Amino acid sequence: MFPALVTGAFAILLRLPLISRSELSGDESVFGLMAFAIARGEEYPLYCWGAHYASALISYLSIPFMAWYGPSPFSFRLPTLLYDAVLAPLVFLSLRRAFDTFNSYLAAMAMAASLPTMFLLSTTAHGGYPETYCLGFAIWIMCIAASRSLRSRDFLAAGFLMGASFMILWLGLPFLISGLVLLLWKRSLHVKGCLSMCAGFMAGSLPFWIYNLSIAPGATFRRLGGRSLDATAQSNLWDAMMGRVGQVPQWIMETMLGLSNLFSPCGGLAGAVILLGLAVWGGVLLHRQGSEWGILVLSFLVALLLFNLAGNLTRDRQWTTVAIALVVAVQAFGKYGARCVLIPLVGVSLYADVRMIAAFAPHPVVGRAADIILRAGADGLYADYDLGYPIGFRLLGRIPVSATMPPNSSDRRPVWTEQLRRAERPAVLLPDDANTRNWERLLVARNIDFASHDLDSRILFVVYKSLPPDLVPLAPKSPSR
């Protein structure tokens with residue numbers, strides 16, 4: 001048990017400097033603003049504002065941490081460490097039953113000090129990544145347990161974990177599919193077990209069904225389906241499907257780029273090809289050895305490939321879960337073969353993680369802009385997505401933020417944008433460029449009083465009257481995330 005606790009403690013200690021040094025992203029800030037709204041009793045969302053596929057669970061979990069430590073990016077991210085603290089010990093305790101103890105320990109350490117992209121995402125509080133990593137591996141464990149014991153309670157637990165993962169973020173679907181494949185492969189799904197699993201799944205995913213059947217009917221399916229097929233650009237479903245098939249060559253190129261970024265510390269694309277090849281070969285060997293882990297790894301890799309193809313998800317973050325399959329698959333290479341892979345993987349990942357942590361620092365604009373807005377008594381903020389919502393978080397969500405400005409607009413709260421039309425002292429954050437200078441000259445020509453503040457590569461304006469509609473410098477409309 002002590003080695004398991006060591007891996008969990010190491011995972012937490014390694015991530016504490018990261019969450020204390022880095023600023024919240026635009027995505028995370030939206031969830032932070034939701035947490036403020038929940039804490040004040042203004043609303044109780046089940047999914048992210050404007051993103052119907054990401055559960056609001058992290059917003060609820062963060063409230064006691066922010067109440068105890070005070071609102072900050074650090075305290076808001078603290079709940080993500082709960083998942084990190086569980087995943088590494090879970091990997092060790094489950095693998096040591098079937099494989100070499102030291103290799104199982106190395107696999108757990110590879111999860112504690114994971115590849116930089118996965119390491120960063122394991123601390124992001126925007127509805128899904130740390131939860132998916134932890135719940136995905138837990139699904140595998142419970143499916144193995146259910147396939148062996150055939151007990152209804154194990155099927156119920158497996159179904160609940162599947163439902164929870166499905167509810168939080170669909171990135172966990174390959175884990176769910178591979179768990180079902182194992183149960184079908186071993187012919188373990190008897191009627192009572194199947195009913196128990198369905199009951200568990202419905203219980204775990206209950207918020208999803210409440211949201212999609214009552215609050216926002218079909219929103220998640222439309223959002224993800226539309227993204228998958230680019231339906232808005234097609235006249236009908238058949239055209240969308242055919243268009244998707246025609247994009248396969250482009251998807252392959254983008255996937256190569258995503259995998260190259262994910263495995264950049266391990267040799268980029270060449271390292272990705274080698275390690276993915278080892279994962280496939282390890283899965284084959286485990287299957288030949290009669291291990292349930294082999295079926296899980298192989299079916300997971302196939303499901304992950306199809307999931308990314310169907311969803312047009314080619315960024316490196318969408319492939320991070322392959323690292324979990326890798327640390328399991330290499331156990332097939334025996335005591336020393338697995339160590340030849342895991343020891344360099346842990347060392348390289350740890351080195352890259354430490355360098356990434358050292359490179360992070362608070363954003364030079366966010367804190368200064370928040371202080372100026374607070375002192376000026378501004379009652380609203382126009383800004384872009386990447387800075388507007390982090391500034392709004394620093395201001396504890398006390399003023400409406402409209403993320404409709406250049407260079408990156410993505411309005412998650414149209415109701416706030418509407419409120420800003422009536423703001424009597426709005427603040428406007430814009431890039432320091434020629435367009436902004438032209439807009440400033442328009443304010444002068446219209447005799448509109450304002451104050452401007454140079455902030456790094458941005459200019460913050462505080463306008464002392466409501467902005468006329470024709471002077472709201474909206475960016476070209478961009479798709480929501």
Side-chain angles (χ1 to χ4, degrees), residues 19-20 22-82 123-131 168 207 211 215-216 362-363 365-405 410-420 422-423 425-427 429 460 480-481:
I19 67 173
S20 64
S22 57
E23 195 69 59
L24 292 183
S25 66
D27 288 334
E28 289 177 295
S29 299
V30 172
F31 283 85
L33 292 168
M34 287 164 54
F36 293 140
I38 294 166
R40 289 194 286 259
E42 296 171 358
E43 59 180 292
Y44 302 97
L46 294 178
Y47 279 82
C48 177
W49 293 333
H52 309 289
Y53 54 88
S55 167
L57 177 62
I58 194 68
S59 297
Y60 290 88
L61 293 178
S62 68
I63 291 172
F65 289 92
M66 290 198 290
W68 181 263
Y69 294 104
S72 70
F74 175 78
S75 60
F76 176 66
R77 285 197 182 114
L78 275 176
T80 64
L81 300 186
L82 299 175
T123 64
T124 54
H126 57 66
Y129 290 95
E131 298 94 328
I168 292 171
Y211 186 79
I215 299 174
H363 197 283
V365 171
V366 173
R368 293 169 61 195
D371 290 341
I372 293 170
I373 290 170
L374 192 61
R375 290 198 304 268
D379 55 356
L381 172 64
Y382 288 103
D384 72 306
Y385 185 87
D386 297 316
L387 291 179
Y389 290 129
I391 294 170
F393 179 86
R394 286 293 189 99
L395 295 170
L396 307 183
R398 292 187 178 125
I399 65 171
V401 177
S402 175
T404 52
M405 299 294 104
S410 184
D411 191 5
R412 288 289 181 85
R413 291 290 279 170
V415 64
W416 281 357
T417 300
E418 185 61 31
Q419 289 177 21
L420 266 168
R422 301 186 295 274
R425 185 173 290 190
L429 183 67
L460 177 66
S480 61
R481 300 183 177 193

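Computed from a predicted structure; not experimentally measured.
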- request: Could you check if a side-chain atom of Arg412 sits within less than 4.5 angstrom of a side-chain atom of Asp27, using non-hydrogen atoms only?
  value: yes

query: Do Ser402 and Tyr382 have side chains that get closer than 4.5 Å, going by heavy atoms?
result: yes

message: Could you tell me if Arg413 sits above the aromatic ring of Trp49, with its cationic atom closer than 6.0 Å to the ring centre and no more than 45 degrees from the axis?
response: yes

Show every donor-acceptor pair shorter than 3.5 Å between a side-chain atom in residues 63-79 and any protein atom, with sequence neighbours excluded, or say none if there are none.
{"from": "Ser72", "atom 1": "OG", "to": "Phe74", "atom 2": "N", "distance (Å)": "3.4"}
{"from": "Ser72", "atom 1": "OG", "to": "Ser75", "atom 2": "N", "distance (Å)": "3.1"}
{"from": "Ser72", "atom 1": "OG", "to": "Ser75", "atom 2": "OG", "distance (Å)": "3.2"}
{"from": "Ser75", "atom 1": "OG", "to": "Gly70", "atom 2": "O", "distance (Å)": "2.7"}
{"from": "Ser75", "atom 1": "OG", "to": "Ser72", "atom 2": "N", "distance (Å)": "3.1"}
{"from": "Ser75", "atom 1": "OG", "to": "Ser72", "atom 2": "O", "distance (Å)": "3.2"}
{"from": "Arg77", "atom 1": "NE", "to": "Glu28", "atom 2": "OE2", "distance (Å)": "2.8"}
{"from": "Arg77", "atom 1": "NH1", "to": "Ser22", "atom 2": "O", "distance (Å)": "3.1"}
{"from": "Arg77", "atom 1": "NH1", "to": "Ser22", "atom 2": "OG", "distance (Å)": "2.9"}
{"from": "Arg77", "atom 1": "NH2", "to": "Glu23", "atom 2": "O", "distance (Å)": "2.8"}
{"from": "Arg77", "atom 1": "NH2", "to": "Glu28", "atom 2": "OE1", "distance (Å)": "2.9"}

- prompt: Among Ile399, Leu33, Leu381, whose side-chain contact (heavy atoms from CB on, under 4.5 Å) with Trp416 holds?
  reply: Leu33

- prompt: How far apart are the closest heavy atoms of Pro390 and Ser29, and which atoms are they?
  reply: CA-OG, 3.1 Å

Residue pair Ile38 / Ser59: nearest heavy atoms and the distance that separates them: CD1-CB, 4.0 Å

query: Are the side chains of Glu131 and Ile58 in touch, meaning some heavy atoms are under 4.5 Å apart?
result: yes

message: For a side-chain contact (heavy atoms from CB on, under 4.5 Å) check, start with the C-alpha distance between Met405 and Leu429, then their side-chain angles and the critical distance, and finish with the verdict.
response: CA-CA 8 Å; Met405 299 294 104; Leu429 183 67; over 6 Å; no

task: With sequence neighbours excluded, tell me which residues meet side-chain contact (heavy atoms from CB on, under 4.5 Å) with Ala369.
output: Val365, Ile391, Leu455, Leu460

Pair up each side-chain donor or acceptor in residues 370-379 with any protein partner under 3.5 Å, not counting sequence neighbours, and list the distances.
{"from": "Asp379", "atom 1": "OD1", "to": "Arg425", "atom 2": "N", "distance (Å)": "2.9"}
{"from": "Asp379", "atom 1": "OD2", "to": "Glu424", "atom 2": "N", "distance (Å)": "2.8"}
{"from": "Asp379", "atom 1": "OD2", "to": "Arg425", "atom 2": "N", "distance (Å)": "3.4"}

Any side-chain heavy-atom pair of Val401 and Leu395 under 4.5 Å: no

message: Between Leu420 and Thr404, is the side-chain contact (heavy atoms from CB on, under 4.5 Å) condition met? List the steps.
response: CA-CA 11 Å; Leu420 266 168; Thr404 52; over 6 Å; no

message: Within this structure, what is the OG-OH distance for the pair Ser55 and Tyr60, rounded to the nearest 0.5 Å?
response: 9.0 Å

- prompt: What residues, two or more places apart in sequence or in another chain, satisfy side-chain contact (heavy atoms from CB on, under 4.5 Å) together with Arg40?
  reply: Phe36, Glu42

field: Gap separating the CG atom of Asp411 from the CG atom of Asp384, nearest 0.5 angstrom
entry: 12.0 Å

field: Audit row: Cys48, His126, side-chain contact (heavy atoms from CB on, under 4.5 Å) steps and yes/no
entry: CA-CA 9 Å; Cys48 177; His126 57 66; over 6 Å; no

query: How would you list all residue pairs meeting salt bridge (Lys or Arg N to Asp or Glu O under 4.0 Å) that involve residues 46-61, not counting sequence neighbours?
result: none

task: Drop me the distance from Ile168's CD1 to Tyr53's OH, to the nearest 0.5 angstrom.
output: 15.0 Å

Inter-residue atom distance Thr124.OG1 - Phe31.CZ, 0.5 Å rounding: 9.5 Å

query: ring pair (Phe, Tyr, Trp, His ring centres under 6.0 Å) with Tyr389: which residues, sequence neighbours excluded?
result: Tyr385

